[in-house]
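Working notes for the structure below.
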Number of protein chains: 2
Amino acid sequence: MESDLAIKRLAALAQESRLAVFRLLVKAGKGGVAAGDIARALGVPANTLSAQLGVLANAGLVLSRRDGRSILYAADFDAMGALLLYLMEDCCQGRPEVCAPLAEVASRAACCSEKQGVRS
Amino acid sequence: MESDLAIKRLAALAQESRLAVFRLLVKAGKGGVAAGDIARALGVPANTLSAQLGVLANAGLVLSRRDGRSILYAADFDAMGALLLYLMEDCCQGRPEVCAPLAEVASRAACCSEKQGVRS
DNA sequence: TCGTTATTTCCATAAGTATGGAAATATGGA
DNA sequence: TCCATATTTCCATACTTATGGAAATAACGA
């Protein structure tokens, strides 16, 4: 990953309500959530939320598709994985002091994904 | 980790020259690098760099100590590890789609750190 | 003490980001 | 077609951040 893109993604997540949006979308899974429902859940005006979703989408952290009158937003898990991989490998050079504590979480995930595939 | 702190750290890294500073400090390791040497390496005026180091330090991503006339800055590996752990667990809920691809990097690091006697 | 080097703080300016009202666009249903 | 709903775009305002010149502070050696 280019550091430009990593910076864009870091900046997109570095704001309270955008991080809240992303976390909500992670919880929701691949099905996604309508923009209006996100706005209601977070108590943010629709146009403000739209701008925030725009930043996340521009950073490639969320995907959107229209469903009737609504537009469904979903977290892009691959993009987030790529960002974390960048931070671990390119930025931190795989240093054990940084990366070793992550082994348990990562291997648990790897284990689950092999056993039962993808969950939503 | 509090999401406020995570946001502070994400924001600190979400800028070109600050990310460059952090990467340089990761490369340099625990010994650290004098502020002036960082400024020279990155071609940034001393006072501008000082402000950037201030942001990184305030986010807890770098540590500093005086050494004679110089002030040595060093990456705080634990802090970076905690940020990544937060992103994997709290933010992404350990989702396999995000975290599984990180298993190899993390376990390689864990392996090396065991050899050196460092554990998490 | 003084002079030199290293770094930070102060300050102003420039640049970028966040917010939300109002209007515009898109969809589906009557 | 007309209307209601869902979302975005336009725009102005407020806020935050980045930058670097100049002065201040800190440490060392003579």
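By convention in this document, chain letters (A, B, ...) are assigned in the order of the sequence lines, proteins followed by strands, and residues within each chain are numbered from 1.
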Touch class at under 4.0 angstrom, heavy-atom based, for S50(B) against every strand present: base
Touch class at under 4.0 angstrom, heavy-atom based, for R40(B) against every strand present: nothing
5′-ward residue of the pair Q15(A)/I71(B) relative to DNA chain C: I71(B)
A11(A) or D67(A), whichever maps to the more 5' nucleotide of DNA chain C: A11(A)
Checking contacts here: which listed nucleotide ([options]) is nearest the side-chain heavy atoms of [X]?
| X | options | answer |
| --- | --- | --- |
| A34(A) | dT19(C), dT7(D), dT27(C) | dT7(D) |
| N47(B) | dA18(D), dA26(D), dG20(D) | dG20(D) |
| A35(A) | dA18(D), dT27(C), dT8(D) | dT8(D) |
| Q52(B) | dT19(D), dT7(D), dT19(C) | dT19(D) |
| A46(A) | dT8(C), dG20(C), dT8(D) | dT8(D) |

Euclidean distance, L10(A) CG relative to Y86(A) OH, rounded to 0.5 Å: 8.0 Å
Between CG on residue L53(A) and OG1 on residue T48(A), distance to nearest 0.5 Å: 11.0 Å
For [X] and [N], what is the distance between atoms [atom1] and [atom2] respectively, to the nearest whole Å?
| X | N | atom1 | atom2 | value |
| --- | --- | --- | --- | --- |
| I7(A) | dT17(C) | CD1 | P | 12 Å |
| L56(B) | dT17(D) | CG | P | 14 Å |
| L53(B) | dT9(C) | CG | P | 11 Å |
| L42(A) | dA18(C) | CG | P | 15 Å |
| D37(B) | dT7(C) | CG | P | 7 Å |
| R66(A) | dT25(C) | CZ | C1' | 9 Å |
| L10(A) | dT17(D) | CG | P | 16 Å |
| I38(A) | dT7(D) | CD1 | C1' | 11 Å |

[N] phosphate, OP1 or OP2: any side-chain N/O from [X] under 4.0 angstrom?
| X | N | value |
| --- | --- | --- |
| S70(B) | dA27(D) | no |
| T48(A) | dG20(C) | yes |
| R18(A) | dA18(C) | yes |
| Y73(B) | dT8(C) | yes |

Sidechain-backbone polar pair: R23(A) side chain, L25(A) backbone, donor-acceptor under 3.5 Å: no
Heavy atoms of other groups near Q93(A) CD, more than 12 under 6.0 Å: yes
Option passing side-chain contact (heavy atoms from CB on, under 4.5 Å) with Q52(A) (candidates V55(A), L49(A), L56(A)): L49(A)
Pairing of E2(B) and K8(B) as salt bridge, 4.0 angstrom limit: no
Side-chain donor/acceptor contact of R69(B) with base of dT4(C) under 3.5 Å: yes
